[in-house]
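One structure is given below, encoded as structure tokens.
Throughout, residue positions are numbered sequentially from 1 according to the sequence presented. Computed over heavy atoms, backbone and side chain alike; hydrogens, waters and symmetry mates excluded. A quick note: this is a predicted structure, and the numbers were derived from the prediction, not measured.
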Amino acid sequence: MEIKRAQWSSHISFIIATVGSAVGLGNIWRFPYIMGKNGGGIFLLTYLLLIAFICIIPLCCELGLGKIYKQDAINTFNTINPKFKWLGWLCIITVTLIPCFYFVVGGWILNYIWVFLTSQLPQNFSIYFSQFSSQIFMPCFLTILFLIMTAMFPFKGINNGIEKANNIMMPLFTIILIILSLFALTLPGAKEGLIFMFKPDFSHFDKTMILTALGQALFTLSIGMGTILTYGSYMKENTNIVKSAYTLIICDTFIAVLAGIMIFPIVFSFGVEPSAGATLAFISMPQMFSQLPFGAFFGLIFFALLFFASITSGISMMETTIAAFIDNFNISRKKATIITTAIIAIISIPASLSFGLLSNFKILNKTVFDLLDYSTSNIFLPLNTLFICLIAGWFTPDFIKKVFGENFIAKIFYILLKFIVPLILICVLISGIN
Ligand code: PFF
């Protein structure tokens, strides 16, 4: 007996869920620090142009393939041509590997929530962070806790689990982000922070910066893993793909920019280097909060913000794998969730131990955590996205007509999809491997 495929209960729920997937640590943690390292305003400008004209294409491809075929990633590519089934698997492998390091960061977030909730603030967050992350038990335990908390939602299904989680957490997330940004704008470094963000300094404009911006754009939009394809497969028949894609892009970018507006004024007020890097969220920011009046409160809501962002993205990663297991192995949603959770748990433990016990265990000169992060973001994401564009553009019957229609704009999208975007992705890949 064929079970009817679940559907989002409304268009707005679909948009909230895809925004929940896209908005994550990539926006709040990665985007500001990468922008800080790449010259601020000029990076933002390049990123906006790339996202509006280039990334829109693979985004429409995934949404379109999801809407047309209404299947998980593996079956979608298999239906287009059984020769392409491997691409579905490649997407599933990628999307299963991402939570294995992403949830380690989720575990750190849980720890910081506890620290700020109990107001047990350490004197020096730099020492605290390296001591905490190098422990054996606690970081692993919190990673698994974060994993189980995330898994509870896909376990309950599309409407009762995923949709409800997003409909509650995303508005909360937006409110907290607005409160923190408004607060940051009252600080003495606000003007300097905003100038850094919005005034382009063309001396930073080079090939590496463009490629970094593109890599970040793919990661933040959750493209190249079949996630958006899977969420698209639950969309209603009358949903307009291009409009939905632009809505998603606008929301995701708005939140990333707001995250910058929250972070840079704080950074400049305390004289921290904006290029401080990945430790900005776990060392510099908590250190600054601990020195502010009501700092424990602001610190707590900052980590609550990171928590909501990461859990809604985590849900979408897990759902992609779960949907593939349900559709391909004919097992129940509950069983598929348990198997997915077990696989992620096993791989995430060595990733968590990369900061202590296994810090000297290196593959290709990288710890397990770094290898997972590097290989997924720099190799698999652009590679999968390239193949998705090629298959949608060259091998899917009537794809362009079905998704873009037949007007003048459709012709531009046609050229972008068939030639320009694949070429750019090849450049990203070559530079990512170097
Ligand atoms: N887009 C998410 C972020 O910006 O944090 C990351 C992500 C979500 C990657 C979902 C992969 C995925 F399937």
Given the side-chain rings of [X] and [Y], with only the six-membered ring counted for Trp, is the space between their centroids under 6.0 Å?
X	Y	answer
Phe289	Phe297	no
Phe129	Trp108	yes
Tyr231	Trp8	yes

When you measure from the side chain of [X] to the backbone N and O of [Y], does any donor-acceptor pair fall under 3.5 Å?
X	Y	value
Thr220	Gln216	no
Tyr102	Leu97	no
Glu62	Gly224	yes
Asn166	Ile162	yes
Lys67	Thr239	yes

Pairwise salt bridge (charged side-chain N to carboxylate O under 4.0 Å, His left out) hits with a residue in [range], at least two apart:
range	result
residues 237-258	Lys70-Glu237
residues 362-371	none
residues 320-349	Arg5-Asp327, Glu319-Arg333

Side-chain heavy-atom pair Phe355, Pro139 within 4.5 angstrom cut-off: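 Not touching, per the 4.5 Å side-chain cut-off.
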Leu258 vs Ile178 side-chain heavy atoms within contact, under 4.5 Å: yes
Going by atom type alone, with no hydrogens or angles, which donor-acceptor pairs under 3.5 Å involve a side-chain atom of residues 109-117 and a protein atom two or more places apart or on another chain?
residue : atom : partner : partner atom : Å
Asn111  : ND2  : Tyr128  : OH           : 2.9
Tyr112  : OH   : Phe282  : O            : 2.6

Trace of the ring-ring contact (aromatic ring centres under 6.0 Å, His included) decision for Trp86 with Phe387: CA-CA 11 Å; Trp86 58 270; Phe387 287 127; 5.1 Å; yes
Without hydrogens or angle criteria, can the side chains of [X] and [Y] be said to hold a donor-acceptor pair below 3.5 Å?
X	Y	answer
Thr230	Asp72	no
Gln287	Ser126	no
Ser377	Asp373	yes
Ser222	Thr227	no
Ser316	Ser313	no

Pairs flagged by ring pair (Phe, Tyr, Trp, His ring centres under 6.0 Å) wherever residues 309-338 is involved - sequence neighbours left out: Phe325-Phe329
Check against ring-ring contact (aromatic ring centres under 6.0 Å, His included), Phe77 and Tyr69: CA-CA 9 Å; Phe77 294 113; Tyr69 292 98; 8.7 Å; no
Side chain to side chain donor-acceptor pair (under 3.5 Å) pairs, two or more places apart, involving residues 337-354: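 Checked against side chain to side chain donor-acceptor pair (under 3.5 Å) - neighbours excluded - no pair reaches residues 337-354.
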Candidate pair Met235 and Leu63, rule side chain to side chain contact (heavy atoms under 4.5 Å, CB included), full reasoning: CA-CA 9 Å; Met235 85 170 70; Leu63 284 173; 3.8 Å; yes
